[in-house]
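Here the structure comes first, spelled out in structure tokens, and everything after it is commentary.
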Amino acid sequence: MTSAIVDGLNEGQRAAVTAPPGPVLVLAGPGSGKTRVLTHRIAYLVNELHVPPWRIMAMTFTNKAAREMMHRVEGLLGGRVKGLTMGTFHSICARILRREAERVGLTRDYVIFDTADQRALMKVVITEDLNLDDKRYPPERVLGRISNAKNELIRPDGYRPSDYFDEIVKRAYQYYEARLIANNAVDFDDLLMHTALLFREHHDVLARYQNSVDHVLVDEFQDTNAAQYELLRLLTARSKNIFCVGDEDQSIYRWRGADYRNINRLRRDFPELQTVLLEQNYRSTQVILDAAQAVIDRNTHRTPKRLFTDREGGPKIVLYEAHNEQYEAEFVVEQIALLVKAGEAEPGQCAVMYRTNAQSRALEDAFIRHNLPYRLVGATRFYGRREIKDVLAYLRIIHNPDDSLSLMRVINTPPRGIGDKTIASLQAWAESNGISLFEALTQLSSDPSAGPLDGRARRALGSFAEMLNGWRAISRNMAVGDLLKLVLDETGYLGWLDDGSEQGRERVENVMELVNVAAEAEDLPLQEFLEEVALVSDVDTLTEDVNAPSLMTLHAAKGLEFDVVFLVGLEEGVLPHQRSIEDPDAEQMAEERRLMYVGMTRARKYLYLVYCFRRTVWGESSVNMRSRFIDDIPPELLVPPHAAFPGMPDIGGPPRRMGGPPRVRSSAQMEIDLGESAIRTGMRVLHPKFGEGIVVASRMSGDDQEVSVMFDEAGLKRLMVSFANLTVLDG
DNA sequence: CTGATGGGCCTTTTT
DNA sequence: GGCCCATCAG
């Protein structure tokens with residue numbers, strides 16, 4: 001019996017899958033079969049321990065991972081598994097909150113505000129509620145602090161300001177929460193915080209969930225934050241059946257509150273915790289593993305792991321210096337074409353990964369130039385596009401009329417003669433009567449004597465209100481797709497979008513795409529449709545049915561694998577990102593290193609590391625050093641492009657200087673060296689004011705050279721060589 | 001009230 | 001280089 005489930009698993013995996021009930025932590029390297037362990041564990045619980053599927057809850061990082069895992073569990077158990085809860089933390093919390101909405105001051109019709117909605121709402125808070133300048137107090141910065149607080153489960157009244165800015169943040173937080181509730185809305189962080197606090201503060205609710213959920217499983221445990229951890233802790237406090245899978249070396253979400261110290265908390269809160277270590281890798285060749293290991297080994301404070309595989313050897317890793325990002329993209333496309341032609345890879349098994357979304361443009365251009373299809377993950381999020389947000393705003397008001405933010409968004413989109421002044425007096429009237437914007441609108445249109453405004457403005461508002469109420473009346477009995485078509489039809493939105501320009505056509509197409517999505521979701525209630533749309537992640541859009549290379553950020557690449565992986569933009573300032581170089585907190589640099597590690601370990605067979613001599617950022621071209629991470633890789637593992645695989649033609653230009661001792665000068669520095677400045681990276685210099693320091697970075701800025709110097713006393717400074725009066729001590 | 005124009009700021013990374 | 005926003009003329 002057992003054999004059916006654990007067949008083909010190695011010893012470690014088997015130990016994890018068949019561990020007796022109780023807290024279990026599986027610390028596993030990349031490609032060690034984490035997903036496999038998780039799916040087999042679920043199958044084991046159901047089949048061997050006879051746990052009813054509806055008493056099992058599994059949290060994943062993306063919806064895609066949830067879908068895949070569900071699929072595999074069904075494969076193992078031979079059919080549909082009824083009632084098994086599987087999803088992201090956010091979607092599971094959204095579902096719980098829908099049932100318990102009243103407890104946190106919402107109704108079950110609440111909507112989820114995305115990043116853009118949050119920013120818009122915060123802008124109102126800062127400029128109107130607090131009467132402050134949103135230049136001095138940028139909404140994003142305020143929201144950033146609030147987000148951190150929420151992830152730590154700190155409510156407005158518990159917020160402890162540590163500086164003046166924080167004082168403002170605290171007040172903004174108070175108004176912001178009030179406005180969210182007034183809109184019957186939550187933001188992403190609220191989904192977690194509300195649910196965790198609900199469990200913490202309402203013992204009857206917690207008891208109900210504790211009694212109905214016997215086993216909780218968590219994927220990517222290293223990337224959980226305090227709120228998520230609290231949720232897990234409370235949920236499993238009675239059963240103790242918590243099964244976590246993670247890898248601290250792949251923790252790449254510290255910036256949004258993820259805290260891999262949760263691993264220590266787990267040990268503390270569940271003393272009987274069983275830990276299983278998985279080090280065998282089934283994905284990559286030994287060459288790739290050795291290189292990745294060399295990169296990650298430089299991080300301190302980690303549980304040492306020694307990755308191994310029986311896939312001995314493997315092709316060497318290709319290192320290539322491109323002239324600029326256009327050539328870089330050109331190189332990638334060329335190599336993919338060659339690999340495919342040589343039968344070494346399928347197009348769909350190739351992926352290009354980069355640090356920031358902005359880097360996708362040059363790559364896309366190259367693919368388009370060569371008339372080759374590609375799959376872009378993320379970038380300008382489909383659901384972030386203006387036209388999509390507009391159309392969704394209509395659906396959101398229909399579903400939740402308290403959503404004043406959405407109402408404001410479309411009250412005059414497309415233009416229907418409701419201008420700023422009209423809106424202002426409507427808002428003022430609503431506020432003085434203590435009613436929502438929608439309520440005000442409805443009252444104005446049904447009672448001609450009520451409120452301010454007359455004539456044209458009033459007629460415009462009236463017909464808009466009528467339209468909204470008409471949709472609301474029939475929406476319950478209508479499929480989402482049909483409702484959407486009705487809205488588009490009655491507002492004339494598409495006609496307004498299509499202004500004859502190329503962009504207009506594109507926007508219409510996007511909306512039509514949304515209509516398709518809605519039509520496919522025919523049996524989904526409006527609430528769930530909106531929820532799904534708000535919580536899709538970038539990787540969720542990665543479709544398997546197109547055999548084309550994928551382009552994505554390193555963050556989006558987590559949990560995926562490909563035969564061929566290109567890591568591009570491996571330059572100081574890009575990866576590691578400039579912000580982490582400047583930050584004194586070494587943790588940020590450590591995270592960049594983990595990002596590199598995640599990228600490298602996505603590759604099964606071929607790994608390409610590519611960097612640029614010059615790169616254009618914001619229309620300005622500059623020269624960067626190649627990434628320090630490259631120089632951590634043993635040189636004997638690296639080869640130039642023409643040696644990539646047998647039969648590879650020598651098209652990569654003359655072989656570049658490969659490997660060598662760390663901090664070797666790339667030709668990027670050579671050019672600067674030949675200039676008159678003669679300041680190079682690695683040199684010790686003396687500055688009249690800052691004292692002695694070492695040059696850590698250098699780039700050309702216009703005609704001048706800009707250097708970053710880490711001074712022994714004064715710390716990191718950026719200086720222009722022509723002004724700085726630096727004396728070279730040694731090179 | 002609408003559409004055009006130019007300035008400012010920008011790029012981490014995402015649910 | 002591009003997007004968002006504020007400002008202004010019609």
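Protein chains get the first letters and strands the later ones, always in sequence-line order, with residue 1 at the start of each.
To the nearest whole angstrom, the two C1' atoms, one in dT11(B) and one in dA6(C), are 23 Å apart.
In this structure, CG of L595(A) is placed 11 Å from P of dT13(B), rounded to the nearest angstrom. Following rounding to the nearest Å, Q118(A) (CD) and dT15(B) (C1') show an atom-to-atom distance of 10 Å. Separating the CG atom of N63(A) from the C1' atom of dT15(B) is a distance of 9 Å, rounded to the nearest angstrom. Straight-line distance from the CZ atom of F188(A) to the C1' atom of dT13(B): 15 Å, rounded to whole Å. Nucleotide dT15(B) holds its P atom 14 Å from the CD atom of E532(A), rounded to whole Å. Across the protein-nucleic acid pair, R386(A) atom CZ and dC4(C) atom P stand 6 Å apart, rounded to whole Å. The interatomic distance linking N357(A) (CG) with dC3(C) (P) rounds to 14 Å, in whole Å. Atom CE of M552(A) is separated from atom C1' of dT14(B) by 15 Å (rounded to the nearest Å).
Comparing atom distances between the W255(A) side chain and each of dT15(B), dG2(C), dT13(B) picks out dT13(B) as nearest. Each of dT15(B), dT14(B), dC4(C) was ranked by its minimum atom distance to the side chain of T88(A); first place goes to dT15(B).
Counting non-hydrogen atoms of other residues, nucleotides and ligands closer than 6.0 Å to CD of E532(A) gives a total of 12 or fewer. Within 6.0 Å of OH in Y327(A) there are 12 or fewer heavy atoms belonging to other residues, nucleotides or ligands. Residue-environment remark: CZ (R261(A)) stays at or below the threshold of 12 foreign heavy atoms within 6.0 Å.
Here Q588(A) lies in heavy-atom contact (under 4.0 Å) with a base. At the heavy-atom level, T115(A) lies under 4.0 Å from base atoms of the strands shown.
Aromatic ring pairs are classed by plane angle as parallel below 30°, tilted from 30° to 60° and perpendicular above 60°; the pair F188(A) and H90(A) is perpendicular. Ring pair Y137(A)/F165(A) is parallel by interplanar angle, where below 30° counts as parallel and above 60° as perpendicular. Ring geometry for Y394(A) against F464(A) counts as perpendicular: the plane angle is over 60°, on a 0 to 90° scale with 30° as the lower cut.
Side-chain polar atoms of D189(A) and S147(A) form a donor-acceptor pair below 3.5 angstrom.
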Between the protein and nucleotides 6-10 of chain C, which nitrogen or oxygen pairs are less than 3.5 angstrom apart?
from	atom 1	to	atom 2	distance (Å)
dA6(C)	OP1	K123(A)	NZ	3.1

List every contact pair, protein side and nucleotides 1-6 of chain B side both N or O, where the distance is under 3.5 Å.
from	atom 1	to	atom 2	distance (Å)
dC1(B)	OP1	G419(A)	N	2.2
dC1(B)	OP2	D420(A)	N	3.3
dT2(B)	OP2	N412(A)	ND2	2.9

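In terms of position on DNA chain B, the residue among Y253(A) and A358(A) whose nearest nucleotide sits closer to the 5' end is A358(A).
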*Carefully, step by step, assess Q326(A) and E328(A) under the rule side chain to side chain donor-acceptor pair (under 3.5 Å).*
CA-CA 5 Å; Q326(A) 276 84 35; E328(A) 177 180 71; over 6 Å; no
*Apply the test ring-ring contact (aromatic ring centres under 6.0 Å, His included) to residues F529(A) and H399(A): give CA-CA distance (whole Å), side-chain angles for both, the deciding distance (0.1 Å), then the verdict.*
CA-CA 11 Å; F529(A) 176 74; H399(A) 177 68; over 10 Å; no
